[in-house]
Amino acid sequence: MNYPEFKQPLNYAQVGTDILAWWKQNGIFEKSVSSREGQPTYVFYEGPPSANGAPGIHHVMARTVKDIFCRYHTMLGKQVPRKGGWDTHGLPIELQVEKELGITKEDIGKKISIEDYNQRCRETVMRFKAQWDDLTEKMGYWVDLNDPYITFEPEYIESCWALLKKLYDKGLLYKGYTIQPYSPAAGTGLSSHELNQPGTYRDVKDTTIVAEFEVKRDEQSEKLFALADNLPVFIMAWTTTPWTLPANTGLAVGKNIRYAVVRTFNPYTYEPQVVVLAKVLVNRYFTEKGAQASLEDYKAGDKVLPWRQVGEFSGAELVGIRYERLFGHEAGFPVFESEEKAFRVIPGDFVTTEDGTGIVHISPTFGADDFKVAQQNDVPALLVADDQGKLGPIVDRTGRYVQQMGEFGGRWVKNYDGHDESAADYRTLDVDISVRLKERGRAFKVEKYEHTYPHCWRTDKPVLYYPLDSWFIKTTAVKDRLIELNKTINWKPESTGTGRFGNWLENLVDWNLSRSRYWGTPLPIWRTQDGTEEICIGSIAQLSAEIDKAVAAEVMTHNPLQDAEKIDLHRPYVDDIFLVSPSGLPMYRETDLIDVWFDSGAMPYAQWHYPFENQEKFQKNFPADFIAEGVDQTRGWFFTLHALAVMLEDSVAYKNVMANGLVLDKNGNKMSKRLGNAVDPFATIGQFGPDATRWYMIVNAPPWDNLKFDPAGVTEVQRRFFGTLFNTYSFFSLYANLDQYTYSPEQAVPVAERTELDRWVLSKLQSLVREVGGHYDSYDPTKAARAVQDFVTDQLSNWYVRLSRRRFWKGELTADKRAAFDTLYECLYAVGQLMAPIAPFFAEWLYQNLTNSQVGEKPESVHLTLLQAAQTELIDTALEERMELAQRISSLTHSMRKKSVLKVRQPLQRILVPVLNETTREQVGKVEDLICAEVNVKHVEFLDDTSGVLVKSVKPNFKRLGQQYGPKLKVVGARIQQMTAEEISQLEKTGSLPVEIDGEAYTLTPEDVEIRTQDLPGWLVATDGPLTVALDVTLTDELRQEGVARELVNRLQNLRKDSGLEVQDKIRVTLGADQPELKAAVQSFGDYIRTEVQAVALDFAADVNGGSVLEFDDYSVPVRLELANG
RNA sequence: GGGCUUGUAGCUCAGGUGGUUAGAGCGCUACACUGAUAAUGUAGAGGUCCCUGGUUCGAGUCCAGGCAGGCCCA
């Protein structure tokens, strides 16, 4: 047996495990890399997963995408090294450990030492590694699991340090501050995780104020004053935190918001004034009565505040206007150095007209938005110098104003000192500030307002948004280059690159690197206490040398790096290292850890321990040709890779990137363990096998769309695609083995000598090879999979094999039969190759079955084969077109048979095909035999104009008419639909037809219409677009007899099958013969029947006891069937 | 709240640069077929192409504004 035969149904999961074992045994993955030694490299980066949780079905999706392109490029002959990796640092691991130990961050260093804590993290982070490795293998993701990079290893950290040092030396690493939630009562910053604890957001009643900022009169603001009749102009801004007003340095407006200029009076001082606020909010502050009230008659203390809108501007027109500092010397406040850049109107895209005035007060030290928008617009923060001359915010770390704040110096900004709020003398700072502003005519409205505000989960006190020290990478310095190089990256989908990622780059702020945690890569910067001297360490060797200096200076007693068996660069060990500054002062490490995204973004370098080792390897593997991760990584891994590559190498980090979507449950809901709708990847692969799972995920929707994972869809893929392909292979193997056929490229029948149908399917196949290659090349695996699937089910199985069946089972192994085997073999082989990247196990199974009997040299695995470029010389477009005609004509004929209840087994005399041109006639003529065989008719006849029976109709060609006639299209179209047969004929003959519509003359051309035959009077017809087919349903005696003969054959075949006979068994048939029509049919078509059912004898007998009875049409025939072998 | 993205048949999805009658598969109904048979063929039912405006002779397609889901960021 040359080609293994299998029982149905095939166990696809078993195929997966068998092939996996075979791959392992024979080191196929390793060979897929080593066999490409010396070939061009296709560089792939593995985005490291974290192994602290079990893998989910979405990981199968993400990794399938990665695997597809690595396998594809291997099959193009390139070498594709695939180093695995593990992401091991970060908050999720810390939280998990804390949960398991029942502790909080507070307890670290108290209940548990940092050392033990970190040890625990290290153990936890790889806990699920075995499961991950298992899934990786079972799903067929080829990646090197034996030599992965691991981000907590000292070599990896050392590489990170080297990169940080490079950035430091370029001046791209600096210490600044960022606005973070901060609890003055606890004296600590809060993570967003802590802020999301239940109960932290509470309703509180605060004093709020609409403050008035006085506009400076200058060229820029003259347009306001021109409307103001020499009155002072104020911009109104609302805040729920009046204590931040002394730190105001900017006012933000929405560029597209309309602002009204309103003439009115200050409600507290009664002075006339002009104010600016969002137009849609005017009626929130001014009454209808006020609009009627007279401005002139207004007296101080009047209840109704008169007002008039005197002008209107867009936010964009207000940008740049300057205003007076709200609190200055008059309140005894300190001098502000950077005054000339501050106190401006700036645009802010977060500004809305939902509440307030549509103008937002900006205090860069006390709001994250404020900080960001100020930075983008070069508005400085208001900082004051302390006694040492060090600049800081106006609020100290305990939550009170610094002493320099004039009359308010030392006041608590919130009630952090436990003051009894019900006491008669209790007044908040907010109230006092509001009172002062009222007195000075800088308040428009002061009121209590209830809103939700975050509180510290430990102290229950309100949180402040407060500037905290942080280390930054100055990504803004290379912003333009980041944008420029991003444009050279091929994003899939494109919109993620231009939209989500592109916008992110456009609005870039510096990368905040600092994390106040324990388990992560430590920041390698040591500083003197006063911060005037510092050093950035770039290697273990450098650190060791610096320690030696420190030992010499007696800052340290010994060098711990020298006697350590294994160096650990984590906390707390690095914290216990002290260095000495050039001036002889001790230096302490900045206690921050760095953002884990730096770890992963550093993988192109750190995975090779570059620059300490593997210089060449790094060069050869940078940048990546391809990476893929979830779209949620856009601002994570995709960004950090890009940022580091641009800053360090002035290069992209990857040339092609796919951002795949989420995997949801079948109802479109997010999968979660809690809801119990999570799909277990092991169970899925166990049930359906890895190939159907992968194929379903890819074929169903493009990877960048979200996938609604429905197991029913996997079943369908399995049945429809894999089932059909398996059946096709089974069909091939069954008959190939019967004929002892073996494929051999050298002995294959030349394509030119094969049948029309063979050449057609090969043409289709080569078109497919070309198409699929194109889809893989442009990173569109879904289109590739769909093309392969359509070819297998529609063309190969349902047309080629169906129409060729007889050739495979009839007679001896002739050249024609050989051609059929060759053709089918070549199709299966190529399909196996094309599907291999997506369904690697099944493709391997198919390849092994097809090639195991092959003599001579051949690649051991389908994944080691080379994907040949399409043999375009075999592509015959005309052939493909006429076969499509044959398919459509057949379909129409089937449809007519159905309507007239004429089963296919009943032969009919002819079909008629009206043809309007010679090309169609030729085309159909060449496939006449196929059509006849498929629909069981004797002839295809053509009808042309000369027959005189064709009825033609026309359809307007709207596309062309629209271009030509525009608005007149409707009347012209209507006119065309009324064309008479004579007019159609004239248009065809002369090439033009003059018509008159509404008194205007037009000349129609053949291109303006589509001519088709419509009807054939007296015939049974069916049409499909321009194609029309008529069926001759006349039955002659001979046709009837043949029909009976074919029925008989069919029943005998069934009987053979039911009797358990093998395909090659010969039989003797005895029929009971009391029906003359039947006897006549058997006599006329005896040879035919004997050949079909492989009968050595076909006889009539009066008595056929012991047999069965065949029933068909009106007949009931006793029959006896005997084996006649030997 | 912002950015991006999706919305077409019961379900999953196609529908270059606008062209009048919007398709496929699955599912459903009916019939047929039965040496690929957990397959196949033919027919049928099933659509306010998310909504509202606009541009146009003509919009599923282009523009604007909404609505709903998703992701990321606040």
Side-chain angles (χ1 to χ4, degrees), chain A residues 8-9 192 348-352 354 367-369 372 493 495-504 506-507 630-636 659 661-662 664 666-670 696 699-702 704-708 710 712-713 715-721 723-724 726-732 734-735 782-783 786 789-790 793-794 797-798 801-802 805-806 808-809 890-899 901-905 934-935 955-963 965-973 1022 1025 1049-1054 1056-1058 1061-1063 1092-1094:
Chain A
Q8 329 219 25
S192 57
D349 51 21
F350 53 85
V351 179
T352 69
E354 296 283 304
D369 267 342
K372 193 172 157 189
S495 58
T496 300
T498 54
R500 190 180 285 214
F501 195 66
N503 290 344
W504 162 252
E506 294 288 346
N507 295 307
V631 67
D632 53 338
Q633 300 279 339
T634 307
R635 293 173 184 188
L662 266 67
L664 309 168
K666 65 175 180 178
N667 299 317
N669 298 313
K670 211 174 162 174
Y696 162 72
V699 84
N700 186 65
W704 44 87
D705 282 352
N706 288 348
L707 172 72
K708 291 181 196 162
D710 186 356
T715 312
E716 191 189 324
V717 156
Q718 195 176 55
R719 239 191 24 228
R720 182 161 178 76
F721 176 61
T724 306
F726 168 72
N727 279 336
T728 307
Y729 168 76
S730 294
F731 177 86
F732 169 80
L734 174 66
Y735 293 107
T782 302
K783 284 189 175 157
R786 286 176 180 172
Q789 182 165 308
D790 289 347
T793 57
D794 297 347
S797 166
N798 203 26
V801 172
R802 193 153 56 84
R805 279 198 315 235
R806 299 181 67 81
F808 287 96
W809 73 59
S890 300
S891 173
L892 288 171
T893 309
H894 280 307
S895 164
M896 285 182 283
R897 276 182 171 275
K898 165 73 198 151
K899 275 184 194 137
V901 199
L902 285 163
K903 49 183 79 171
V904 182
R905 230 174 275 129
E934 170 64 10
V935 302
K955 186 178 168 254
N957 180 350
F958 286 102
K959 189 163 183 169
R960 191 184 151 84
L961 291 172
Q963 284 161 1
Y965 298 113
K968 305 275 189 194
L969 170 135
K970 271 192 175 144
V971 286
V972 178
V1049 166
N1050 169 253
R1051 302 304 138 132
L1052 288 170
Q1053 297 287 33
N1054 286 348
R1056 281 183 61 115
K1057 197 181 176 188
D1058 293 345
L1061 296 179
E1062 295 298 323
V1063 174
E1092 286 298 312
V1093 305
Q1094 302 184 67

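- Residue A:Arg897 contributes atom CZ, which lies 12 Å from atom P of B:C33 at whole-angstrom precision.
- Nucleic acid contact for A:Glu716: sugar-phosphate only, since backbone atoms but no base atoms lie under 4.0 Å from a heavy atom of the residue.
- The shortest distance between side-chain heavy atoms of A:Trp504 and A:Thr634 does not fall below 4.5 Å.
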Using a cut-off of 4.0 Å between protein heavy atoms and nucleotide atoms, how would you tag nucleotides 1-6 of chain B 5' to 3' with B, S and -? --BBS-

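- When heavy atoms are screened at a 4.0 angstrom cut-off, A:Gly713 is found touching no nucleic acid atom at all.
- If you take NZ of A:Lys959 and P of B:U61, they are 17 Å apart, rounded to a whole angstrom.
- If you measure from atom CG of A:Asp794 to atom P of B:A36, you get 18 Å, rounded to the nearest angstrom.
- How far CG of A:Asn727 is from OG1 of A:Thr793: 12.5 Å, rounded to the nearest 0.5 Å.
- Note on A:Asn798: a side-chain N or O is less than 4.0 Å away from OP1 or OP2 of B:G41.
- Of the side-chain N and O atoms in A:Arg719, one or more sit less than 4.0 angstrom from OP1 or OP2 of B:A39.
- Listed nucleotides B:A74, B:G35, B:A14 differ in distance to A:Pro702; the shortest reach to its side chain belongs to B:A14.
- Nucleic acid contact class of A:Asp710 (heavy atoms, under 4.0 Å, all strands): none.
- Here the separation of B:G23 from B:U40, taken at their P atoms, is 23 Å to the nearest Å.
- Residue A:Thr724 is classed as having no contact, given no heavy-atom separation below 4.0 Å to the nucleic acid.
- Comparing A:Gln633 and A:Arg1056 by the nucleotide of RNA chain B whose heavy atom lies nearest to each, the residue mapping closer to the 5' end is A:Arg1056.
- For the pair A:Phe731 CZ and B:G35 P, the interatomic distance rounds to 13 Å; values are reported in whole Å.
- If you find the closest nucleotide of RNA chain B to A:Leu961 and to A:Val801, the one lying nearer the 5' end belongs to A:Leu961.
- In this structure, the separation between CG on A:Asp790 and CG on A:Asn798 is 12.0 Å, given to the nearest 0.5 Å.
- Rounded to a whole Å, the CD atom of A:Gln789 is 13 Å from the C1' atom of B:A14.
- When distances run from any side-chain atom of A:Thr728 to the nucleotides B:A74, B:A36, B:G70, the shortest one goes to B:A36.
- Among the protein residues, A:Asp369 comes within range of the sugar-phosphate backbone only, with heavy atoms under 4.0 Å from sugar or phosphate atoms but none that close to a base.
- Annotation: side-chain hydrogen bond (donor to acceptor under 3.5 Å, both in side chains) contacts of A:Gln789 (sequence neighbours excluded): A:Trp695.
- Here A:Ser895 does not reach the OP1 or OP2 of B:U42: none of its side-chain N or O atoms lies under 4.0 Å away.
- Separating the CZ atom in A:Arg786 from the CG atom in A:Asn700 is a distance of 7.0 Å, to the nearest 0.5 Å.
- Each of B:C71, B:A14, B:G19 was ranked by its minimum atom distance to the side chain of A:Arg786; first place goes to B:A14.
- Of the C1' atoms belonging to B:A22 and B:G60, the separation is 7 Å, rounded to the nearest Å.
- With B:A36, B:U42, B:G25 as the candidates, the nucleotide lying closest to the side chain of A:Arg720 is B:G25.
- A:Arg802 has no side-chain polar atom (N or O) that falls below the 4.0 Å cut-off from OP1 or OP2 of B:U40.
- Within the model, atoms CZ of A:Arg500 and CZ of A:Arg635 stand 7.0 Å from one another, a figure rounded to the nearest 0.5 Å.
- The phosphate of B:U42 (OP1 or OP2) has a side-chain N or O of A:Ser891 nearer than 4.0 angstrom.
- Remark: P of B:G41 and CE of A:Met896 are 18 Å apart, rounded to the nearest angstrom.
- For B:C13, the OP1/OP2 oxygens have a side-chain nitrogen or oxygen of A:Asn700 closer than 4.0 Å.
- Side chain of A:Tyr696 to main chain of A:Asp710: a donor-acceptor pair is present (N/O by atom type, distance under 3.5 Å, no hydrogens or angles).
- Between atom CD of residue A:Gln633 and atom OG1 of residue A:Thr496 there is a gap of 12.5 Å, rounded to the nearest 0.5 Å.
- Backbone-only contact: A:Lys708 has heavy atoms under 4.0 Å from sugar-phosphate atoms and none from a base.
- One can place CG of A:Asn727 at 9 Å from C1' of B:A38, the figure rounded to the nearest angstrom.
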